[in-house]
Amino acid sequence: MTESPAIHATEVGDRGPRVIFLHGLFGQGRNFTQIAKALLPDLRSVLVDLPNHGRSGWIETTDYEVVADVVATWLRTTYDGEPASHVVGHSMGGKVAMALALRHPDLVDRLVVADISPSSSEGAGEFEHLLDSLAGLDLASLTRRSDADEQLTEAIGSPAVRGFLLQNLRSVPADEAGKDGGFTWQANLALLRDQLGVIGGWPDIEPVDGPFDHPVLWLAGEKSDYVRPEHEPAMRALFPRTRLATIKGAGHWVHSEQPESFVSALRVFLLG
């Protein structure tokens, strides 16, 4: 049995129903900061760093059922006796959110799954390239964060993608790394690289109480191919009260590419 690690989370707001945000691969809870602020004062948000990411502890697997159980243990401990939470998950975090709802339905009120489906996801090759690029970064040679950006420019042409990935680079105080300090990775890059197949897949989850019978909003990016018509039967089999909506003009990163539409969809669904 996997020992539950420390989970880092930031709360935004202190009124209204609680919304748990679960980020995607390479992400952190703070990726949803602007979304959380836009939901004030009607909803209070909890921005979670998933295991092996951000400031949360590391575990030895990325298996979705195990990660969902870790999140469930943290929720039960942190919000014992309080009403169930709304849960919003994007990409990898969407798969964790679905597993959480199926394995611990008492903890989830309404569920929002952003641009992912309960099926194997294509695109592992892209993530493999990104992880290899990060692993090849010479951390010992870095004196500032901009050095890392410069080293990655040839391998990763998009400044936005480099900026997103480099949020995982942490400055280490001198007393930990020696006289001049240094840099290290917050995310468990070796494990993530090794288990990309698991991250891109979807386990055969046996729901504890049958299909999840609470309302579910399934948001797809118009320009993304992570959600396709052939995925809908599997989604509806596990989540029969699903409503599918498309975010116009958005690719996979629906919350950052079209934040106003994303916030509007959340407000209507979570406060309805």
Side-chain angles (χ1 to χ4, degrees), residues 5-12 21-38 45 47-58 62 90-93 114-115 123-196 199-200 221 223-224 226 249-260 262-263:
I7 294 294
H8 178 269
T10 301
E11 297 201 9
V12 180
F21 283 92
L22 304 178
H23 61 79
L25 183 62
F26 305 127
Q28 299 180 34
R30 67 183 186 183
N31 298 150
F32 288 101
T33 300
Q34 296 308 313
I35 299 298
K37 290 179 178 179
S45 300
L47 314 182
V48 176
D49 289 355
L50 287 168
N52 298 311
H53 290 77
R55 299 184 190 179
S56 288
W58 291 6
T62 59
H90 170 252
S91 195
M92 179 192 75
D115 209 63
E126 175 190 0
F127 289 117
E128 184 175 327
H129 165 69
L130 295 176
L131 279 164
D132 286 347
S133 299
L134 295 182
L137 196 64
D138 183 8
L139 297 183
S141 71
L142 303 181
T143 58
R144 58 183 69 85
R145 190 173 297 270
S146 59
D147 294 340
D149 184 75
E150 183 177 344
Q151 285 190 32
L152 290 172
T153 298
E154 183 176 350
I156 304 173
S158 168
V161 173
R162 293 197 305 274
F164 171 72
L165 294 172
L166 288 175
Q167 70 175 335
N168 291 287
L169 192 63
R170 180 171 68 91
S171 177
V172 181
D175 60 355
E176 291 182 33
K179 181 179 178 181
D180 297 323
F183 290 89
T184 189
W185 294 112
Q186 280 192 314
N188 190 348
L189 295 187
L191 179 75
L192 298 178
R193 173 66 178 81
D194 185 60
Q195 298 194 8
L196 270 180
I199 296 169
K223 301 177 180 178
S224 172
Y226 279 86
H252 183 54
W253 302 95
V254 289
H255 55 291
S256 60
E257 295 175 30
Q258 296 293 335
E260 292 183 2
F262 188 77
V263 167

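Using modelled atom types, no side-chain atom of Gln186 and backbone atom of Asn168 make a donor-acceptor pair closer than 3.5 Å. Side chain of Ser224 to main chain of Tyr226: a donor-acceptor pair is present (N/O by atom type, distance under 3.5 Å, no hydrogens or angles). Using modelled atom types, one side-chain atom of Arg162 and one backbone atom of Ile156 make a donor-acceptor pair closer than 3.5 Å. Checking side-chain atoms of Ser56 against main-chain N and O of Asn52 turns up no donor-acceptor pair under 3.5 Å. No donor-acceptor pair under 3.5 Å is formed between the side chain of His252 and the backbone N or O of Lys223. Proximity of a side-chain donor or acceptor of Arg193 to a complementary backbone N or O of Asp132 within less than 3.5 Å is not detected. Checking side-chain atoms of Asp194 against main-chain N and O of Ala190 turns up no donor-acceptor pair under 3.5 Å. In this structure, Gln195 contributes its side chain and Thr62 its backbone to a donor-acceptor pair below 3.5 Å.
Between the CG atom of Asp115 and the CH2 atom of Trp253 there is a distance of 10.0 Å, given to the nearest 0.5 Å. Here OG of Ser133 is found 10.5 Å from CD of Glu128. Values are rounded to the nearest 0.5 Å. Taking NE2 of His23 as the start and CZ of Phe32 as the end, the distance is 8.5 Å to the nearest 0.5 Å. Atom NE2 of His53 sits about 8.5 Å away from atom CG of Leu189, to the nearest 0.5 Å. Atom CG of Leu192 is separated from atom CZ of Phe127 by 11.0 Å, given to the nearest 0.5 angstrom. If you take CG on Leu169 and OG1 on Thr184, they are separated by 8.0 Å, rounding to the nearest 0.5 Å.
Residues Pro51 and Trp58 have side chains not in contact (no heavy-atom distance under 4.5 Å, counting atoms from C-beta outward).
Using bins of under 30°, 30° to 60° and over 60° for the plane-to-plane angle, the ring pair His255/Phe262 lands in the tilted bin.
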Under the side-chain hydrogen bond (donor to acceptor under 3.5 Å, both in side chains) rule, what do Gln151 and Ser141 come out as? Steps first, then yes or no, please. CA-CA 10 Å; Gln151 285 190 32; Ser141 71; 2.9 Å; yes
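A salt bridge does not link Arg55 with Asp49: every distance from a Lys NZ or Arg NE/NH1/NH2 to an Asp or Glu carboxylate oxygen is 4.0 Å or more.
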